[in-house]
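To start, the structure under review is shown below, and the notes come after it.
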Amino acid sequence: MTIFTIDEVKKTFTNGEVEEQVLKGVNLALQEGEVTALVGASGSGKSTILTIAAGLQRATEGDILFEGKSLTKMSQEQIRKIRASEFGFVFQSAHLVPFLTVEEQLLLMLNVSESKMKKREQKEEVEKILKLVEMNHRKDAYPASLSGGEKQRVAIARAIIHKPKMLFADEPTASLDSKRSKDVMTLIRDLTKTLNITTLMVTHDEEMLPYADHIITMRDGLIV
Amino acid sequence: MTIAWKEMKKSKTKFVILGSIIFLVSFLTFIISGLSNGLSQDNAALIKDLPAGQFYMSSDANETYNLSRINETVQKNELKKQKDATAFSIQMGFVNDAGDKQHSVAFVTSTDSKLFEKVGQGEVVLDRSLEEEGIKVGDTLTNNQFSGEFKVKGFVDQKKYSHAPVAYVNVENYKEIYRVNEMQLLFIPGQAKAQAITGLQSFSNKQFLNAIPSYNAEQMSLNMIVWFLVVISGMLFAIFFYMMNVQKIGLYGILKAIGVKTSSLFVMMWSQMLFITVIALGLSIALSQGFTMIAPKGMPFSLTVETTLQLSVIFIIIGFLGATLSGLQIKKVEPLQAIQQGEV
Ligand SMILES: Nc1ncnc2c1ncn2[C@@H]1O[C@H](COP(=O)(O)OP(=O)(O)OP(=O)(O)O)[C@@H](O)[C@H]1O
Ligand SMILES: [Mg+2]
């Protein structure tokens with residue numbers, strides 16, 4: 001079943017006088033519970049389409065449909081609500097909140113998604129997720145003291161703790177070694193399968209492709 | 001919201017630095033306004049301490065009280081009509097102490113009134129500052145225009161005119177020193193609206209103060225100093241809170257990206273701003289009030305708690321505006337854009 005549709009999305013960046021069309025009409029349909037991998041040369045527009053899909057920036061033209069509702073027609077506040085409770089996002093670099101401990105990051109995410117859980121249940125949920133990403137022993141650490149791979153695992157935990165319907169991940173394994181990359185991919189795959197999360201993921205790494213149900217290639221702002 | 005607090009706890013240094021700047025700037029403003037207020041008090045406490053009412057000087061005096069002569073019959077009539085009314089005169093002059101040391105004073109004389117000191121002939125009541133110059137009760141003072149001697153009867157606090165201590169003398173002695181018979185001024189306290197008195201021109205307290213040439217010019221400079229200081233330090237506050245938040249735009253981008261409400265971001269900015277400002281201003285108020293107590297006696301310094309509170313409220317409002325302005329900026333920007341701006 002199609003849960004997410006990208007329809008003729010275009011994006012033009014204006015830098016002073018120069019206009020650059022980065023996306024030239026991207027079409028994509030994502031099936032519920034499946035992992036879709038986006039590949040393509042650097043600068044082909046992968047991150048751009050991913051962030052537009054996740055409501056982190058707006059398209060210049062075209063439409064984004066999530067469960068039949070058009071994101072492009074929503075107000076900032078409506079999109080925020082969807083981001084908070086229905087979407088999870090893993091950035092190319094982790095982007096954790098620097099002054100919160102690992103545990104606090106995840107509790108904040110639960111709060112933001114207006115989780116109905118009680119305080120104690122929230123803590124249990126955080127512990128469960130941290131065990132999944134093997135970070136429970138570092139739950140009181142601040143991001144600055146984590147390694148790149150550890151940060152990324154916390155970022156993944158943050159992206160799924162509120163059980164979103166959609167997971168967007170921009171090269172989640174870029175800062176990891178081969179072994180850790182495979183662990184993280186297995187994790188994403190297992191989590192999304194058990195929680196029935198639909199995933200759109202950008203990757204450079206050939207080795208990650210076996211974990212995807214579909215592979216989509218982008219070139220110069222178009223899907224080929 | 002607790003994230004505001006957690007951030008301050010984690011980046012203590014940053015917030016302490018910001019707080020100390022707010023503290024220093026507000027402390028500077030308080031001290032300067034205290035000094036300026038003190039100078040203004042030093043210049044005209046005698047007049048400023050009078051209750052609201054109406055001053056009258058002769059119409060032909062050109063609004064210069066020094067040239068004013070109140071007609072004696074008019075004076076008699078008015079004093080009879082208004083029971084609190086008083087006629088008084090001020091002239092700058094000197095007294096010499098027993099060691100023949102000269103002290104400059106403002107001679108003040110008046111008809112019977114509870115607003116002015118009552119002194120008998122050959123007596124003088126002085127401003128307290130002369131006590132610090134070594135004059136004691138019972139000392140005798142002389143003046144080269146005066147045939148007799150003045151015996152110091154007592155001291156009063158904070159009675160200054162034109163930066164000189166006031167010397168209250170009897171009308172008869174005053175007449176001898178300055179060889180005049182008429183009083184310069186008529187004052188009717190409690191009179192909100194001036195009445196028309198033939199040959200006299202009326203002034204409210206404020207108008208009268210402004211009619212004193214030295215006071216008017218000095219006051220303009222002092223007000224300018226304080227206002228510039230308030231405006232510039234206010235702008236500094238606003239810019240500081242603005243910069244603090246704009247510099248954190250990457251962080252706000254992350255918070256926006258995970259779906260934190262914009263209102264929560266505003267609450268975060270406001271509460272941090274309030275927390276820092278209130279502590280810094282509290283410290284400033286305490287220290288400047290402490291300074292009021294330890295300030296050297298001769299230094300004109302007058303800073304009331306009301307003035308500091310008024311200034312504090314202005315600063316808080318301005319800080320609030322600065323924080324709000326940056327909040328609006330952050331509200332407008334798309335999460336990704338904010339994160340990217342934070343990265344450079
Ligand atoms: N905010 C922006 N302003 C101007 N140009 C931008 C902006 N963001 C991206 N671009 C441009 O859009 C193009 C596509 O960028 P994008 O980040 O989507 O590429 P990508 O496929 O993710 O590349 P990579 O694999 O290197 O991450 C690039 O040429 C980039 O310079
Ligand atoms: Mg990219």
Side-chain angles (χ1 to χ4, degrees), chain A residues 11 13 47-59 75-101 103-115 119 142-145 155 157-162 164 168 170, chain B residues 1-19 244-273 275-276 326-344:
Chain A
K11 179 74 179 178
F13 287 109
S47 296
T48 309
I49 190 65
L50 194 74
T51 47
I52 289 176
L56 295 174
Q57 63 177 336
R58 291 208 182 249
S75 70
Q76 283 285 0
E77 173 59 15
Q78 287 169 310
I79 296 179
R80 180 199 68 76
K81 272 206 180 116
I82 289 190
R83 270 204 316 271
S85 49
E86 319 263 33
F87 288 1
F89 199 97
V90 182
F91 291 92
Q92 214 159 342
S93 52
H95 287 319
L96 299 174
V97 181
F99 52 82
L100 297 181
T101 64
E103 187 182 29
E104 287 167 347
Q105 312 262 352
L106 302 183
L107 287 173
L108 173 66
M109 191 63 231
L110 281 179
N111 271 328
V112 164
S113 65
E114 288 167 16
S115 149
K119 263 259 136 43
Y142 286 96
S145 67
R158 183 179 66 183
I160 55 174
I161 190 165
H162 56 301
F168 302 92
D170 196 349
Chain B
M1 200 159 171
T2 49
I3 49 174
W5 177 244
K6 286 195 174 120
E7 188 195 6
M8 288 198 282
K9 234 171 54 185
K10 192 84 198 347
S11 358
K12 275 190 209 86
T13 334
K14 198 173 87 183
F15 286 95
V16 166
I17 290 173
L18 184 66
M244 180 179 93
N245 290 320
V246 166
Q247 181 238 339
K248 288 196 312 204
I249 191 159
L251 168 71
Y252 290 117
I254 296 171
L255 294 174
K256 280 182 83 151
I258 65 172
V260 174
K261 279 191 199 126
T262 313
S263 60
S264 305
L265 297 182
F266 270 103
V267 170
M268 178 173 171
M269 291 177 223
W270 285 330
S271 52
Q272 287 179 343
M273 172 258 149
F275 184 79
I276 298 173
S326 52
L328 292 176
Q329 192 98 338
I330 282 156
K331 180 189 159 130
K332 221 173 46 196
V333 65
E334 290 173 328
L336 187 73
Q337 222 184 327
I339 292 174
Q340 284 170 345
Q341 280 176 24
E343 273 169 349
V344 288

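Chain identifiers are assigned alphabetically (A, B, ...) following the order of the sequence lines, protein sequences preceding nucleic acid strands; residue numbering begins at 1 within each chain. As the structure is a prediction and not an experimental result, all values here were calculated from the model.
The shortest non-hydrogen separation linking V260(B) to R80(A) is O-CD, 3.4 Å. Pairing each heavy atom of L96(A) with each of I254(B), the nearest pair is O-CD1, 3.8 Å. Minimum heavy-atom separation, F99(A) to K6(B): CD1-C, 4.0 Å. Contact between A84(A) and G259(B) at its shortest, heavy atoms only, is CB-O, 3.7 Å.
Under a cut-off of 6.0 angstrom, the local environment of NZ in K14(B) is crowded, with over 12 non-hydrogen atoms contributed by other residues, nucleotides or ligands.
Taking R158(A), E77(A), H162(A) one by one and counting their heavy-atom pairs under 4.5 Å with chain B, the maximum is reached by R158(A). Highest contact tally toward chain B, considering only H95(A), E104(A), K81(A), M109(A), is held by H95(A) [criterion: heavy-atom pairs under 4.5 Å]. For chain A, the option among K331(B), Q337(B), K256(B) with the highest count of heavy-atom pairs below 4.5 Å is K256(B). Among T262(B), L255(B), I339(B), the residue with the largest count of heavy-atom pairs under 4.5 Å with chain A is I339(B).
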Using the side-chain contact (heavy atoms from CB on, under 4.5 Å) rule, take I258(B) and L108(A) through it: C-alpha gap first, then chi angles, then the decisive distance, then the call.
-> CA-CA 9 Å; I258(B) 65 172; L108(A) 173 66; 3.9 Å; yes
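The side-chain heavy atoms of K261(B) and E114(A), taken from C-beta on, include a pair separated by under 4.5 Å. Q76(A) places a side-chain heavy atom less than 4.5 Å from the side chain of E334(B).
Only the side chain of L251(B) has a heavy atom closer than 4.5 Å to any heavy atom of chain A. Proximity to chain B (any heavy atom under 4.5 Å) is restricted, for S93(A), to the side chain, taken from C-beta onward. Residue contact with chain B, scored on non-hydrogen atoms closer than 4.5 Å, is absent for F87(A).
Distance check, rounded to the nearest 0.5 Å: CD of Q105(A) to CD1 of I3(B) gives 10.5 Å.
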